Every structure is written in structure tokens, then in C-alpha cells.
Asks: 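One structure coming up, written as C-alpha cells, with questions to follow.
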Number of protein chains: 2
Amino acid sequence: MNKIWNNYPEIKNELKEVVALMKKYTKCKDKKIENSILDLIESGGKLLRPAFVLIGSKFGDGDREKSVPTAAVIEMLHMATLVHDDVIDESKLRRGKLTIQSKYGKDYAVYIGDYLFCCCFKILATHSSLRALEIDSNAMTRICIGEVDQLNSRFSTKLSVKDYLTRISGKTAELFSISLFLGAAECNADKKVSRELKNIGHNLGMAFQIIDDILDYEGNDESIKKSAANDLKQGIYTIPFIYAYRNNKNAFSEIMEKEFYTDEDVEKIIKIVEENKGIEMAKELANKYIEKCFKGINRLPENKYKKVLKELAEWILIRTY
Amino acid sequence: MNKIWNNYPEIKNELKEVVALMKKYTKCKDKKIENSILDLIESGGKLLRPAFVLIGSKFGDGDREKSVPTAAVIEMLHMATLVHDDVIDESKLRRGKLTIQSKYGKDYAVYIGDYLFCCCFKILATHSSLRALEIDSNAMTRICIGEVDQLNSRFSTKLSVKDYLTRISGKTAELFSISLFLGAAECNADKKVSRELKNIGHNLGMAFQIIDDILDYEGNDESIKKSAANDLKQGIYTIPFIYAYRNNKNAFSEIMEKEFYTDEDVEKIIKIVEENKGIEMAKELANKYIEKCFKGINRLPENKYKKVLKELAEWILIRTY
């Protein structure tokens with residue numbers, strides 16, 4: 001488990017329960033299925049989303065009988081989307097380990113993702129409420145639409161800032177948002193507080209994704225640049241590109257005529273994006289969401305978990321940045 | 001809608017409500033998503049599974065508020081699995097129309113399948129019960145495991161009759177079984193009757209799949225033989241093959257050494273299967289399930305839908321056979 005949780009022993013203990021529940025519900029007579037999911041569970045994801053569910057629950061009655069299963073469902077929904085995303089992206093590695101699709105093949109990965117979805121709904125059926133089911137399935141619908149949006153807009157230079165924001169709102173912010181919200185709502189928190197947590201989650205998720213997309217362009221780390229290259233080769237343009245392109249279409253004209261990008265083309269694109277204020281403006285945008293996020297946190301009622309949430313948001317959003 | 005339903009106007013009317021509900025819940029601001037699902041809904045599937053839900057409900061209070069959404073969920077779960085199966089099989093056509101994956105690509109089909117899953121759970125959340133959610137998600141888990149089983153056993157000649165039965169029990173019989181069961185159970189039918197319906201659905205589904213697999217080997221229709229060829233080329237051995245191989249391994253020895261099968265090889269395999277009683281024995285097996293199915297139907301309490309169920313089972317199982 002990520003070292004960050006050593007600072008928050010109560011959350012860490014509850015996260016252990018979440019992991020145990022995930023393992024219980026993904027047990028399967030087919031050991032290949034079980035082990036590939038076990039690999040995923042133990043591959044060292046940060047468990048941010050389930051932690052947010054737990055933190056959200058502390059603004060209500062904090063009942064573990066509710067918060068732990070809700071957290072497990074959210075993390076497994078996240079895992080299911082990762083498995084299917086890797087199929088689409090043909091990603092070789094995830095968290096430094098071979099992806100299910102590169103290890104066992106695409107076909108297998110499609111079913112493992114489906115199996116994970118099923119396990120989520122099994123947990124919901126046993127431990128949760130129809131309201132949580134509704135919220136989870138609505139969120140998943142928006143995530144799917146966000147992913148399809150991304151597919152549809154491949155290689156489209158018509159992508160506007162608004163389109164990008166809609167896309168990442170579905171793709172990333174949605175799960176952060178319902179994590180904090182469901183934790184609170186399932187534990188009977190005040191409605192106004194639950195709504196505030198929902199907005200905090202949304203703004204945090206938006207900032208998180210924008211920063212991630214910025215790091216792809218400015219990271220010194222080769223592996224990070226590879227991620228930008230991978231996106232660009234698939235025709236996925238993120239916010240630094242969109243700003244720079246809007247600022248100076250001409251600078252891109254030659255390179256955009258190509259049918260596919262070589263590594264040198266990618267290097268060139270990254271440079272043009274930097275020169276045309278793509279990164280600078282993306283940072284300003286991220287800052288707006290970060291600000292909204294912290295303003296929201298400050299508005300929360302006093303509670304020792306308000307501080308925890310603030311520290312985590314700082315860790316996530318201000319890290320290398 | 002299939003002509004068969006003209007004989008059963010009440011079922012036909014309710015099926016229309018099912019289709020309307022499916023359309024309502026799959027509405028989407030992304031018109032490409034909505035239209036590709038609309039294509040699926042309108043592509044002329046027989047709607048057997050939702051019809052079984054409706055018939056099951058008649059052994060309880062027949063409350064449409066329960067039976068119609070349950071039927072829609074089952075049909076959409078079925079559609080979701082079809083979309084993902086087509087990704088795996090790389091099928092070009094389904095019900096005579098281009099599959100989503102051949103029309104829009106694999107990536108898109110993965111998300112459309114996911115989107116359909118989400119829509120099912122949205123209907124469940126709004127119209128149904130946690131019990132139905134549990135039964136549906138358990139069934140889906142078994143379907144996934146059945147599909148993975150099939151992937152794992154590709155090109156394995158160790159496949160036993162028992163393995164085959166386990167596989168088709170998950171892959172096909174499960175949904176037939178829960179269709180009749182959930183229709184009855186959600187409409188408060190007597191528990192013993194619900195269980196009887198569950199068994200009838202299982203036996204009907206088993207017979208249905210075995211007959212389907214037999215037709216692949218003995219059908220005169222070229223398109224049917226193509227289906228056998230497609231399975232064989234993917235290393236999927238069904239019951240006629242399994243029996244014939246068990247009866248006379250030597251007859252297959254030369255052909256089984258090949259790394260892949262040409263059309264001629266497939267012709268040869270089909271002939272060897274026939275000569276070694278593969279089809280004959282598979283028919284005997286199908287008959288056992290058909291017999292069990294009708295015995296179960298006869299045990300049901302008197303009710304005008306008992307006759308309907310019997311006629312449908314005859315239509316499904318005795319058709320060209």
C-alpha cells in the first residue's frame with residue numbers, strides 16, 4: 001500500500017478492509033481470472049478513490065458497514081475501466097506491470113473487465129442501496145460516454161477547450177466526485193455537505209487530469225514523454241496542445257498534414273506546444289480548478305478529516321508541480 | 001418483431017413495452033452510441049429471453065411494472081454480451097447485419113458493450129430490487145466465466161462432455177434460466193413454481209445450445225456451415241466434435257496436427273465427426289434435456305401460459321430438427 005497512508009492510520013486500516021472485500025468478491029473457481037485480478041489489486045495503485053469514499057463517510061456517521069463496500073465498488077469500477085482502456089490503447093504496461101491484455105490477450109481482457117463490473121454489482125447488491133446503484137450506474141454511463149467522445153474526436157483539431165473539459169469531466173472527474181459524494185451520502189451526511197463534497201471531488205478530478213496532461217508535455221522523465229507520444233500517435237489531443245493550436249494554427253500546419261507521427265514529429269509537436277503557451281495556459285486552467293477545490297474544502301464543517309482531505313489534495317495536485 | 005408473437009397478442013404487446021423501455025434507457029446525447037444500440041434493438045432478435053420473463057411473471061401476479069423492466073434488463077444484458085462476443089470472435093455479421101465492431105471498430109464495441117451494461121443497471125436501480133440485482137450480477141458472472149472457459153479451452157482436445165456442459169450452462173442456459181425465474185420471483189410467484197421455472201429455463205437453454213451446435217455440423221445451409229468453420233478455426237470444439245473425438249481419436253490424428261485449418265480441413269473434420277457418431281450422440285443428449293424441459297413444463301400449475309410456454313419450447317427446440 002502506498003506510503004502516504006502511513007500518515008493516516010485510520011484510513012489505512014479501513015483501506016485494508018476495502019482490499020480484503022475486493023479480494024473476497026473477486027474470488028473465482030477459474031484461477032487465471034482470480035490471479036489476474038489479484039495482480040491488479042496488488043499492483044500498487046494509490047487507492048485514492050476508495051480513500052475519498054472513506055473520508056466522505058466521516059462527514060456522515062462513518063459507518064464502515066456502508067463506507068467500506070462503497071469504497072470497494074468504486075475502486076473496482078475504476079479497475080474495470082482501466083482494463084478496458086488498456087485494451088483500447090493497446091497499453092503494454094500499467095503501474096509498471098504487464099497489462100492483462102498484453103499478458104493474456106485482448107479477448108481475455110474484455111471479459112476480465114466485464115467480470116470486474118459484475119463483481120461491483122454483486123457487492124452493491126449485498127451491501128448497498130438502490131440509490132448507490134443508481135449513482136454508480138449513472139457515473140459509469142458518463143465515463144463510457146467520455147471514453148467514446150475521446151474515440152470520436154481522435155485526430156480532430158476541431159476539439160475545443162469546452163469539449164476537452166466535457167471529456168475529462170466524464171473520464172476522470174466523475175469517479176472522484178462520486179467517491180466523496182457517495183461516502184457522505186451513504187453515511188447519511190447532511191445534504192449540503194454531500195453536495196459540497198461532490199463539487200470538491202469534481203474540481204479535484206479536473207485539476208488532477210489537467211496536471212496529468214501537462215506532465216505528459218513537460219515531464220523530464222522519458223516514460224512520461226512516452227505517454228504524450230502515445231496519445232499523440234493515437235490522435236488524442238489534450239489541453240496543452242489544444243491551447244497552443246488555438247494560439248497558432250500555422251505553427252502546426254506542416255506537421256498536422258502527416259498521416260501518422262514518428263518519434264521526431266512528436267518531439268517537434270511537444271516543442272511547438274511549449275513555444276505557443278500551451279503549457280502555460282494549461283497551468284492557469286489547472287490553477288482555477290485547484291483554487292475551486294480548496295475553497296470548497298475550506299467551506300466544509302470543522303472535522304479532523306477536513307485537514308486530511310486538504311493534505312491529500314495538496315499531495316495530489318501540488319506534487320511535482 | 002418476429003412473426004411468432006402474432007400468435008400471442010398479450011405477450012406481443014408487453015414485448016413492445018419492453019422495447020420502448022430499452023430505447024428510453026439507451027437514449028444518449030452521443031447519437032452514434034444511441035443509433036448503434038438502436039440498430040441492435042431493431043435488428044430482429046427473437047426476444048426469447050424477455051418473452052420468458054413475461055411468461056414467468058404470469059405464474060405470479062403478472063405485474064407489468066415489475067415484469068417489463070426485468071425483461072428489458074435481461075435482453076440488454078444479452079445484447080451487451082453479444083457485442084463483446086463479436087469483439088472476441090471478430091464476427092462481421094450478426095442477424096444478417098454488420099456488427100458494431102465491424103462497422104465502428106473493436107474499440108468502440110468494447111465501450112458500447114460497457115454502456116449497455118450501465119443501462120441495465122440504471123433500469124434495475126429505478127424499477128427493480130436488490131434481489132434482482134444480485135441474481136442478475138451472479139448470472140452475468142457465470143456468463144463471463146463461461147466465456148473465459150471457452151477462451152481457455154481453445155484448441156484443447158482434452159475437453160470433456162462435462163466441461164462442455166459447464167461451459168454452455170454459463171454461456172447460454174444461465175440467461176434462459178434466470179429469465180423465467182426472475183419473471184416469476186419478481187412477481188411474487190410461489191417459490192416452488194419459481195424454482196421449477198428456473199429448471200425449465202436451464203434445460204431449455206442447454207437443449208437450445210446443443211441443437212445450435214449440432215446444426216452447425218449438419219445444416220445444409222452454407223451460412224450455418226460457416227459458423228462451424230469459424231468455431232473450428234478458433235479452436236472451439238463443440239459437442240458433436242467432442243463425442244466423435246472420444247469415439248475415435250485416430251480418425252482425427254492427421255488433421256489435429258495442423259496449426260490452423262483450411263476450408264478443406266474443416267470439411268474433412270465435419271465429415272469425420274458425422275462418421276464417428278458425433279451428431280447422433282449429440283442428438284441423444286439434446287433429447288435428454290428436451291425431455292427434462294417438457295416434464296418440468298407439465299409439472300407447472302394449470303395456467304393459460306403453461307400452454308404458451310410449451311408451444312414456444314416446441315418451436316425453439318423442435319424446429320428444423
Side-chain angles (χ1 to χ4, degrees), chain A residues 25-26 28-30 32-33 36 77 80-81 83-85 87-90 104-152 154 166 234, chain B residues 25-26 28-30 32-33 36 77 80-81 83-85 87-90 104-152 154 166 234:
Chain A
Y25 271 87
T26 49
C28 181
K29 63 174 182 157
D30 183 311
K32 200 169 148 191
I33 296 182
S36 49
L77 283 179
T81 61
V83 172
H84 280 177
D85 286 353
V87 174
I88 310 298
D89 302 342
E90 310 199 4
Y104 303 106
K106 272 197 175 194
D107 299 353
Y108 193 77
V110 171
Y111 289 129
I112 290 291
D114 291 352
Y115 182 80
L116 277 165
F117 278 127
C118 294
C119 294
C120 295
F121 293 110
K122 276 163 79 170
I123 299 182
L124 272 167
T126 314
H127 297 278
S128 198
S129 64
L130 286 174
R131 181 183 56 173
L133 172 64
E134 189 179 0
I135 293 167
D136 282 329
S137 45
N138 281 334
M140 281 306 302
T141 311
R142 280 192 283 271
I143 292 172
C144 283
I145 295 175
E147 296 287 359
V148 171
D149 256 6
Q150 179 161 311
L151 284 181
N152 288 345
R154 281 187 191 184
T166 306
Q234 289 184 70
Chain B
Y25 271 87
T26 50
C28 181
K29 63 174 182 156
D30 183 311
K32 200 170 149 192
I33 297 182
S36 48
L77 284 178
T81 61
V83 173
H84 280 177
D85 286 353
V87 174
I88 310 300
D89 302 341
E90 309 199 4
Y104 303 108
K106 271 198 177 195
D107 300 354
Y108 192 77
V110 172
Y111 289 130
I112 290 290
D114 292 353
Y115 181 79
L116 277 166
F117 278 127
C118 295
C119 295
C120 295
F121 293 110
K122 277 164 79 170
I123 299 182
L124 272 168
T126 314
H127 296 278
S128 199
S129 65
L130 286 174
R131 180 183 57 170
L133 172 64
E134 189 179 1
I135 292 169
D136 281 329
S137 43
N138 282 334
M140 282 306 300
T141 312
R142 279 191 284 269
I143 293 172
C144 285
I145 296 175
E147 296 287 0
V148 171
D149 256 5
Q150 179 162 312
L151 284 180
N152 288 345
R154 279 186 193 186
T166 307
Q234 288 184 71

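Proteins come first, then strands; the chains are lettered A, B, ... in the order of their sequence lines, and each starts at number 1. What you see is a predicted model; the values in this text were computed from it and never measured. Reckoned from all heavy atoms, side chains included, excluding hydrogens, waters and symmetry mates.
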Asks: Pick from A:Gly105, A:Cys119, A:Ala80, A:Ala125: which one has the most heavy-atom pairs with chain B under 4.5 Å?
Replies: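 Between A:Gly105, A:Cys119, A:Ala80, A:Ala125, the count favours A:Ala125.
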Asks: Under a 4.5 Å cutoff for heavy-atom pairs, which residue among A:Tyr115, A:Tyr104, A:Phe121 has the most contacts with chain B?
Replies: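 It is A:Phe121.
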Asks: Please flag which part of B:Cys28 lies under 4.5 Å from any non-hydrogen atom of chain A: side chain, backbone, both or neither.
Replies: side chain
Asks: Can you spot which of B:Arg154, B:Glu147, B:Gln234 makes a side-chain contact (heavy atoms from CB on, under 4.5 Å) with A:Asp107?
Replies: B:Arg154
Asks: In terms of heavy-atom proximity below 4.5 Å to chain A, should B:Asp136 be classed as side chain, backbone, both, or neither?
Replies: neither
Asks: Can you give me the closest heavy-atom contact between A:Cys144 and B:Cys118, atom names plus distance?
Replies: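 Of all heavy-atom pairs spanning A:Cys144 and B:Cys118, the closest is SG-SG, 4.2 Å.
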Asks: Do A:Lys32 and B:Val148 come within less than 4.5 Å of each other through their side chains, counting heavy atoms only?
Replies: no
Asks: Please enumerate all residues that pass side-chain contact (heavy atoms from CB on, under 4.5 Å) together with B:Ala109, with sequence neighbours excluded.
Replies: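 With sequence neighbours excluded, B:Ala109 shows a side-chain contact (heavy atoms from CB on, under 4.5 Å) to B:Val83, B:Val87, B:Ile100, B:Gln101, given in chain and number order.
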Asks: Any side-chain heavy-atom pair from A:Asn152 and B:Tyr108 closer than 4.5 angstrom?
Replies: yes
Asks: Assess the residue pair A:Tyr111 and B:Thr81 against the criterion (side-chain contact (heavy atoms from CB on, under 4.5 Å)); give the C-alpha distance rounded to whole Å, side-chain angles, the decisive distance to 0.1 Å, and a yes or no.
Replies: CA-CA 9 Å; A:Tyr111 289 129; B:Thr81 61; over 6 Å; no
Asks: Non-hydrogen atoms of chain A under 4.5 Å away: do they reach the side chain of B:Ile123, the backbone, both or neither?
Replies: neither
Asks: Between A:Ile143, A:Val110, A:Thr126, A:Ile112, who has the most heavy-atom pairs with chain B when the cutoff is under 4.5 Å?
Replies: A:Val110
Asks: Classify the ring geometry between B:Phe117 and A:Phe117 as parallel (under 30°), tilted (30 to 60°) or perpendicular (over 60°).
Replies: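 B:Phe117 vs A:Phe117 ring planes: tilted.
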Asks: What part of B:Ser129 gets within 4.5 angstrom of chain A, counting heavy atoms only: side chain, backbone, both, or neither?
Replies: backbone
Asks: If I take atom CG from residue B:Leu130 and atom OG from residue A:Ser128, how far apart are they, to the nearest 0.5 angstrom?
Replies: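 These two atoms lie 7.5 Å from each other.
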Asks: Identify which part of A:Asp30 has an atom lying under 4.5 Å from any heavy atom of chain B, answering side chain, backbone, both or neither.
Replies: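 Only the side chain of A:Asp30 comes within 4.5 Å of chain B.
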Asks: What distance do B:Asp114 atom CG and A:Ile145 atom CD1 have between them, rounded to the nearest 0.5 Å?
Replies: 12.0 Å
